[in-house]
Amino acid sequence: MSKTTCNKGDTFNVDSEVPCSGGYICVPCGDKKHFSEGEVFPRCSACIEKKGNPDKLRKGLGLWELLEPRDATHKCPECGLHYRDEQTAKTCQTWCAENHSCNLDIIKHSIEQETVHI
Ligand SMILES: [Zn+2]
Ligand SMILES: [Zn+2]
C-alpha cells in the first residue's frame, strides 16, 4: 500500500478517507476540525447549518484543506501532550518544568483533549 503524503494546503473531498491525522479547515466556511487517519471526511456541520442547502454541498462545495499534519504539531517534552500552537507548547513546557504538574487551562488546548471531546 502506498502511503499518501500529507502536505499543508492539500484538499480532500467529503466522503474520501483522511490520509493523515491533523488539523483541517473547511474550504467553504473556514471551520476548523481535527481528523484522524482512516476516518472519512464528513460533510461540514457548520456549512449545513449556515447554508441549509445540502444539495450545494453535494456538488463539490464540501472540501477540506489540510492545515497542519500531525507531524507538524508541537510537543511539550515535560508532559508529552501535543499542541498546534508552538507558543502554547512552550507555555506548557515552562509550567510543567516549574510546577511538576499540568495546568488544566493549558492542557485543554492540547490535541489530546480535542480528540477526547469529539
Ligand atoms: Zn464548512
Ligand atoms: Zn506540559
Side-chain angles (χ1 to χ4, degrees):
M1 234 171 85
S2 63
K3 175 93 183 143
T4 318
T5 50
C6 304
N7 298 306
K8 191 174 150 76
D10 285 353
T11 52
F12 305 94
N13 289 314
V14 164
D15 290 336
S16 63
E17 199 176 297
V18 178
C20 56
S21 304
Y24 291 82
I25 184 167
C26 169
V27 175
C29 79
D31 204 42
K32 288 176 195 166
K33 285 253 162 48
H34 177 266
F35 297 121
S36 302
E37 188 177 338
E39 287 181 61
V40 170
F41 286 106
R43 223 158 256 148
C44 172
S45 54
C47 277
I48 293 168
E49 277 166 31
K50 277 180 207 163
K51 299 185 178 160
N53 188 348
D55 282 345
K56 247 186 173 177
L57 296 172
R58 236 172 263 138
K59 282 173 190 154
L61 270 177
L63 199 65
W64 293 94
E65 181 180 323
L66 179 58
L67 272 187
E68 225 173 331
R70 180 101 181 187
D71 292 349
T73 56
H74 306 277
K75 182 179 168 185
C76 168
E78 299 292 328
C79 68
L81 291 174
H82 294 81
Y83 298 91
R84 288 186 215 302
D85 185 49
E86 189 180 3
Q87 194 54 49
T88 312
K90 281 193 178 141
T91 308
C92 185
Q93 182 183 353
T94 306
W95 179 279
C96 289
E98 282 175 7
N99 300 281
H100 300 287
S101 73
C102 280
N103 184 333
L104 282 178
D105 279 337
I106 299 173
I107 67 169
K108 74 180 178 193
H109 298 293
S110 72
I111 288 165
E112 279 82 357
Q113 285 297 107
E114 279 178 35
T115 311
V116 166
H117 288 157
I118 289 171

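Just follow the structure's listing: the first ligand is 1, and inside any ligand the first atom is 1.
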Side chains of [X] and [Y] in contact at under 4.5 Å (non-hydrogen atoms):
X: Cys92; Y: His74; result: no
X: Gln93; Y: Pro77; result: yes
X: Asp85; Y: His109; result: no
X: Leu66; Y: Cys20; result: yes
X: Phe35; Y: Pro42; result: yes
X: Cys29; Y: Cys44; result: yes

Verdict with reasoning, Glu78 to Thr94, per side chain to side chain contact (heavy atoms under 4.5 Å, CB included): CA-CA 9 Å; Glu78 299 292 328; Thr94 306; over 6 Å; no
Heteroatom count (protein N, O or S) under 2.8 Å of the Zn ion (ligand 1): 4
Passing candidate, side chain to side chain contact (heavy atoms under 4.5 Å, CB included) with Trp95, options Ile107, Asp105, Ile106: Ile106
Side-chain (Glu39) to main-chain (Ser36) donor-acceptor, under 3.5 angstrom: yes
Atoms of type N/O/S from protein, distance to the Zn ion (ligand 2) below 2.8 Å: 4
